[in-house]
Number of protein chains: 2
Amino acid sequence: MITLAEENYLKAIWAISLNTNEKASTNAIADEISTSAASVSDMLRKLQEKELIKYEKYKGVELSEKGGNLATSIIRKHRLWETFLVNKLAFNWGEVHDVAEQLEHIKSDELVDKLDSFLGFPKFDPHGEPIPTKDGEIPTTNAIPLNELQTATKGRVMGVTLDEKSFLDYLTQLNIRIGTKIELLEKISFDQSLSINIENTNQHISNDVAKHLLIKIK
Amino acid sequence: MITLAEENYLKAIWAISLNTNEKASTNAIADEISTSAASVSDMLRKLQEKELIKYEKYKGVELSEKGGNLATSIIRKHRLWETFLVNKLAFNWGEVHDVAEQLEHIKSDELVDKLDSFLGFPKFDPHGEPIPTKDGEIPTTNAIPLNELQTATKGRVMGVTLDEKSFLDYLTQLNIRIGTKIELLEKISFDQSLSINIENTNQHISNDVAKHLLIKIK
DNA sequence: ATAAAAATTTAGACGAGTCTAAAGAAATAA
DNA sequence: TTATTTCTTTAGACTCGTCTAAATTTTTAT
Ligand SMILES: [Mn+2]
Ligand SMILES: [Mn+2]
Ligand SMILES: [Mn+2]
Ligand SMILES: [Mn+2]
């Protein structure tokens, strides 16, 4: 049996190596789940014991196959529940993450299958994040972060890579949603901020915002 | 903050006093949640501390107003989720209780409200059990247990008072569902078992089964 | 290459929730 | 009314997940 705390550690390791493509450090994990490095060290020993991770003291950690499958299935549940909350219960996209953090730990394969079917087997959640399939495949897109685009490129918002409420509320205020057409007008070299055009209106956003917006060109 | 364990104790006390209409004993609670009497004693001290129960050592326990409201809200969530699972996800009525035991602990008032609305504000769950309203009202019926009926009485099944899968599967096998017309033909005085007619077929059931079937006469 | 800084692990403690065994209180029987 | 049985509480211990402080290892800077 895997506990709720263990599931959260697996998810943290998964998220870190998704971004960095390398082993997760103790401090990075501590940071991700807002706990002490000491607690992380303790837990890594336990997860190693259960063969959910590959861990060498002082050398960082990665998920084992078993741990990776578990992490993926939690992400799958998280994103299916977010989709349910937005598509069926009329939550808006900024309100669903915290509830999904609870729902993702519900244990019932039958439930996940039926929820998936009820939702019409969605490939992406309300934030444009890919929903792993039952057998662990993760849908891909060729979208890239807005801050990496060439000036004068046109594209469409395919998703975000951050589900914080304050960020999503700001996007809504800017009229940016999944599917919104966007054009990169200018990059300011001083602070890497960007001038963009959204639905015939010019806007100016920071690099910090742009890097969390995934754009599909043309 | 109330923990998952505390919620389960409140629910147990609620369930016991629902049946007996008197204070819950330590042993009854231990029985209800399959734990030791020692653990129950420990927990009662803590719940008392939080003013969720009224407890005097050796004298039994009842819920405080605060505790009662909490218990009712957990039952509400449990039954709403069961309704969701059956009505929306096509589970059958014997498969939902265990998952609902997990889902009932999800904390989000917004979620409960929206789920309630999505389901069309149901008054009874798939087992005919009343769903407490947002402000704690519990719908009533004038249904009575089948084993308390007079011989030759006709009625309709309004609900069951037990959620166990084996019981519900047996009912399904007997063609007994919510709404099924039923007639009490004969009570055997030797073992209180009952002859009944269900949809033009005669059946024979034990008193143990009959007492968990709620019937509305006529 | 050595010293200083940063990262990580270990030691020791704590609260929550559980257990078994033993002691104490209440109910029942003689 | 006294003895016995049953119920309940307390004592002491254990696991899980967390913490702070201290020790150790690794990395970085001089
Ligand atoms: Mn999320
Ligand atoms: Mn998401
Ligand atoms: Mn139930
Ligand atoms: Mn029910």
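In what follows, chains carry the letters A, B, and so on, assigned in the order in which the sequence lines appear, proteins first and then strands, with residues in each chain numbered from 1.
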Item checked: Side-chain donor or acceptor of B:Ser108 paired with backbone N/O of A:Val99 under 3.5 Å -> no
Are any side-chain N or O atoms of A:Asp125 and backbone N or O atoms of A:Thr83, one a donor and one an acceptor, separated by less than 3.5 Å?
no
Q: Establish, for the pair B:Lys88 and A:Phe118, whether the NZ or CZ atom is under 6.0 angstrom from the six-membered ring centre and no further than 45 degrees off its axis.
A: no
5'-most to 3'-most nt of DNA chain D touching chain A (<4.0 Å, heavy-atom partner on protein side) reads D:dC16 to D:dT26
With sequence neighbours left out, the residues meeting ring-ring contact (aromatic ring centres under 6.0 Å, His included) with A:Tyr9 are none
For A:His78, the ring-ring contact (aromatic ring centres under 6.0 Å, His included) test, sequence neighbours excluded, returns A:His97
Please tell me whether B:His212 and B:Asn147 have a donor and an acceptor in their side chains that are separated by less than 3.5 angstrom. no
Could you tell me whether the side chains of B:Asp191 and B:Ser193 share a donor-acceptor contact shorter than 3.5 Å? yes
Within residues 39-63 of chain B, those residues having any heavy atom closer than 4.0 Å to DNA chain D are B:Ser41, B:Tyr55, B:Lys57, B:Tyr58
Numerically ordered, the residues 7-37 of chain A set in heavy-atom contact under 4.0 Å with DNA chain D is A:Tyr9, A:Thr35, A:Ser36
>> Within the 4.0 Å heavy-atom criterion, would you say B:Ala38 contacts the bases, only the backbone, or no part of the nucleic acid?
In response: base
- Message: Please check if the number of heavy atoms outside B:Asp135 that lie under 6.0 Å from its CG is greater than 12.
- Response: yes
**Request:** Measure centre to centre between the rings of A:Phe84 and B:Phe84, then say whether the value is under 6.0 Å.
**Result:** yes
In residues 32-44 of chain B, what donor-acceptor pairs under 3.5 Å come from side-chain atoms, sequence neighbours left out?
unit_1	atom_1	unit_2	atom_2	d
B:Ser36	OG	B:Ser39	N	3.1
B:Ser36	OG	B:Ser39	OG	2.9

